[in-house]
Amino acid sequence: MAVITPRTPPGTMELLPRQQIAFQRMLDTIRRGYERFGFVPIETPAFELADVLLSKSGGETEKQVYFVQSTGALANDKRPDLALRFDLTVPLARYVSEHQNDLVFPFRRYQMQRVYRGERAQKGRYREFYQCDIDVIGRDGLPLLYDAEMPAVIDTIFSELGVGGFKIELNNRKILLGFLMSLGVDSPERRAAVMRELDKRDKLGDDEKVVANLVGGDDTQLSVTDARALLTLVSATGSSAAVLALLDAQPVEEPTFRQGVAELREVAAALHAFGIPEERWRLNLAIARGLDYYTGTVYETFLDGRREYGSVCSGGRYDDLASQYTTSRLPGVGISIGATRLFYVLQQTGLVAEGASTVEVLVTQLDAALMPAYLALAAELRGAGINTEIHADAAKLGKQFKYADKAGIGVAVVVGPDEQAAGVVTVKFLTAGQQVQVPRAEVAAAIRRGPTAG
RNA sequence: GUGAGUGUAGCUCAGUUGGUUAGAGCGUCGGUUUGUGGCACCGAAGGUCGGGGGUUCAAAACCCCUCACUCACCCCA
């Protein structure tokens with residue numbers, strides 16, 4: 001029989017145990033950070049009813065949605081009535097609308113699950129990937145302080161993850177929208193198109209190309225003067241104070257613009273109050289975000305020197321999360337860490353160490369007759385909270401050590417007839433290459449203590 | 001969905017202007033005897049050269065088709 005080449009579908013990430021452990025540690029850190037800032041967990045199903053999921057999305061997102069259908073229904077030519085979620089924000093909107101009478105507001109939830117997008121896989125772009133979201137949803141209103149809390153959380157987590165340098169960049173969409181309104185760009189569609197072009201500025205790396213696209217684009221149709229003015233505004237650099245001063249000096253009366261500047265100023269002040277050093281965040285007026293449900297503050301986070309892999313964390317504020325599900329007005333602000341991409345980038349950068357196994361100790365087998373002693377020893381270690389595995393094969397000791405080493409198990413314990421007679425246990429610390437004999441009763445303590453320094 | 005590029009061992013790649021049984025490094029497995037891993041040495045397994053067709057005395061190499069993957073576009077974590 002011909003074997004089928006085993007392979008994962010493109011755009012999925014599958015890991016070996018030691019990598020998986022490293023990935024899990026990363027998720028643990030993110031979870032801890034979220035909980036420390038007072039967010040509570042929820043999960044939602046991987047698939048939603050198609051009409052619910054797609055109630056708001058335009059054509060673009062719908063093209064990327066995977067539909068789900070049982071084969072039975074498929075045989076009957078039924079249109080799939082289930083679809084896999086493509087982000088966690090839409091399910092959140094559904095969740096909050098559905099349970100609004102049982103939730104407390106502001107509702108602060110975190111959610112770490114996989115999402116699915118039917119697009120061509122690419123470097124750092126997956127079709128199945130983890131998003132780790134936090135959002136704060138208010139009823140009717142939501143203080144701007146929360147907009148500053150998002151970067152504070154991200155700063156804490158990314159610092160703890162040890163990902164090296166990173167920069168949280170933020171902007172307020174009202175500034176761009178107001179600026180465009182002041183230029184007489186009245187149609188929301190045209191403004192959205194301009195935003196999308198603007199988002200590519202980073203990738204194109206040449207403002208003149210952006211100008212050309214803005215002028216030449218069917219959907220944008222800016223004049224050369226206006227496009228240049230926009231690019232000049234957007235390329236403002238320097239401290240947050242400098243950028244805000246530059247915004248103040250703009251001869252733009254448009255109230256939306258002014259409100260955006262005021263909001264951005266308040267958020268920047270709050271960021272200082274949160275104590276986030278300005279090396280790790282900056283105002284970047286070119287951050288536009290394609291998704292049009294964002295209405296105010298927007299964020300993108302990049303790892304230093306790894307911009308080409310894209311944003312590893314982004315989000316923003318939206319005035320009304322769930323207008324398609326409820327008449328309640330539910331404003332919110334949220335941010336999402338792309339954990340799969342983040343992990344991939346860290347791997348590429350060599351920043352993710354293939355860590356130790358979750359198994360802490362291997363009880364080796366020297367003499368099959370001593371198996372009862374091995375089992376008792378292992379049970380004792382487990383009782384002391386130490387993850388312990390028993391080598392069930394009486395292979396040569398060297399082989400058993402090799403096994404432990406390859407599996408990333410840091411400690412091996414050896415009990416042979418000699419030890420058994422003397423009432424001691426040999427504890428070998430593989431990574432340190434150090435070996436000690438301790439009385440049987442002190443094994444767990446010795447393992448906890450680890451190899452002696454020096 | 002559109003465009004471009006690449007397909008030789010598990011991985012990274014060699015393979016002369018087409019010319020015998022297609023190679024290396026790494027990895028894997030085994031060995032170097034008595035209770036000690038990493039290092040070294042020895043050995044082994046592993047390839048219908050992505051698939052199909054064509055040109056030729058002869059194709060991994062040249063041509064056509066096809067498939068897969070990668071990169072880019074769109075969009076986005």
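None of the values given here were measured: they were computed from a predicted structure. Just so it is clear: chains get the letters A, B, ... in the order the sequence lines come, proteins before strands, and each one is counted from 1.
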Quote, to the nearest angstrom, the [atom1] distance that separates [N] from [M].
N: B:A9; M: B:U66; atom1: C1'; value: 24 Å
N: B:G53; M: B:C76; atom1: P; value: 46 Å
N: B:G18; M: B:C75; atom1: C1'; value: 46 Å
N: B:U16; M: B:G23; atom1: C1'; value: 14 Å
N: B:U8; M: B:A77; atom1: P; value: 35 Å
N: B:G50; M: B:A45; atom1: P; value: 23 Å

Quick one: which of [options] gets closest to the side chain of [X]?
X: A:Asp405; options: B:G37, B:G35, B:A77; value: B:G37
X: A:Phe401; options: B:G37, B:C75, B:C69; value: B:G37
X: A:Val414; options: B:G35, B:C75, B:A77; value: B:G35
X: A:Pro10; options: B:C76, B:U36, B:C69; value: B:C69
X: A:Gln64; options: B:A77, B:U70, B:C75; value: B:C75
X: A:Leu366; options: B:U28, B:C76, B:G35; value: B:G35
X: A:Lys123; options: B:U36, B:A77, B:A72; value: B:A72

In whole angstroms, how far is the [atom2] atom of [N] from the [atom1] atom of [X]?
X: A:Lys399; N: B:U32; atom1: NZ; atom2: P; value: 11 Å
X: A:Leu430; N: B:U36; atom1: CG; atom2: P; value: 14 Å
X: A:Glu300; N: B:C76; atom1: CD; atom2: P; value: 10 Å
X: A:Met112; N: B:A77; atom1: CE; atom2: P; value: 17 Å
X: A:Tyr299; N: B:A77; atom1: OH; atom2: P; value: 14 Å
X: A:Leu198; N: B:C74; atom1: CG; atom2: P; value: 14 Å
X: A:Leu342; N: B:C76; atom1: CG; atom2: P; value: 20 Å
X: A:Glu308; N: B:U70; atom1: CD; atom2: P; value: 18 Å

Tell me if the side-chain of [X] makes a donor-acceptor pair with the base of [N], cut-off 3.5 Å, by modelled atom types.
X: A:Arg125; N: B:C75; value: yes
X: A:Glu419; N: B:G35; value: yes
X: A:Gln122; N: B:U70; value: no

Heavy atoms under 4.0 Å, any strand shown: does [X] hit a base, just sugar-phosphate, or nothing?
X: A:Lys428; value: base
X: A:Cys313; value: sugar-phosphate
X: A:Tyr403; value: nothing
X: A:Gln435; value: base
X: A:Gly416; value: base

Inset, instruction - Determine, for A:Arg449 against A:Glu442, whether the closest basic-nitrogen to carboxylate-oxygen distance falls under 4.0 angstrom. - result: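 Judged by the 4.0 Å cut-off on N to carboxylate O distance, A:Arg449 and A:Glu442 do not form a salt bridge.
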Legend entry - Comparing A:Arg120 and A:Asp418 on RNA chain B - which has the more 5′ nearest nucleotide: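 Nearest-nucleotide comparison on RNA chain B picks A:Arg120.
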Inset, instruction - Between A:Val415 and A:Lys200, name the one whose nearest nucleotide on RNA chain B is closer to the 5' end. - result: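 Closer to the 5' end of RNA chain B: A:Val415.
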Inset, instruction - Go through the steps to decide whether A:Arg173 and A:Glu263 satisfy the test salt bridge (charged side-chain N to carboxylate O under 4.0 Å, His left out), and finish with yes or no. - result: CA-CA 10 Å; A:Arg173 283 193 117 201; A:Glu263 287 182 8; over 6 Å; no
[X] side chain to [Y] backbone, donor-acceptor under 3.5 Å:
X: A:Thr220; Y: A:Leu214; value: yes
X: A:Glu360; Y: A:Asn387; value: yes
X: A:Tyr403; Y: A:Gly398; value: no

In the structure shown, which nucleotide is the Watson-Crick or G-U wobble counterpart of [N], with both distances under 3.5 Å?
N: B:A68; answer: B:U6
N: B:G1; answer: B:C73
N: B:U34; answer: none

Does a side-chain N or O of [X] approach OP1 or OP2 of [N] to a distance below 4.0 Å, or not?
X: A:Ser311; N: B:A77; value: no
X: A:Lys402; N: B:C29; value: no
X: A:Lys396; N: B:U32; value: yes

Legend entry - Ring-on-base stacking B:A77 with A:Tyr130 (under 5.5 Å, under 30°):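 A:Tyr130 ring does not meet the centre or angle cut-off for B:A77; no stack.
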Inset, instruction - Evaluate the ring planes of A:Tyr293 and A:Tyr318, with Trp represented by its six-membered ring, and classify them as parallel (under 30°), tilted (30 to 60°) or perpendicular (over 60°). - result: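 Taking A:Tyr318 first and then A:Tyr293, their aromatic rings stand perpendicular (interplane angle over 60°).
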Inset, instruction - Give me the ring orientation class for A:Tyr34 and A:Tyr110: parallel if the planes are under 30° apart, tilted from 30 to 60°, perpendicular past 60°. - result: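 Correct class here is tilted.
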Inset, instruction - Assert yes or no for the condition that the ring centre distance of A:Tyr116 to A:Phe129 is strictly below 6.0 Å. - result: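 Not close enough - the centres of the two rings lie 6.0 Å or further apart.
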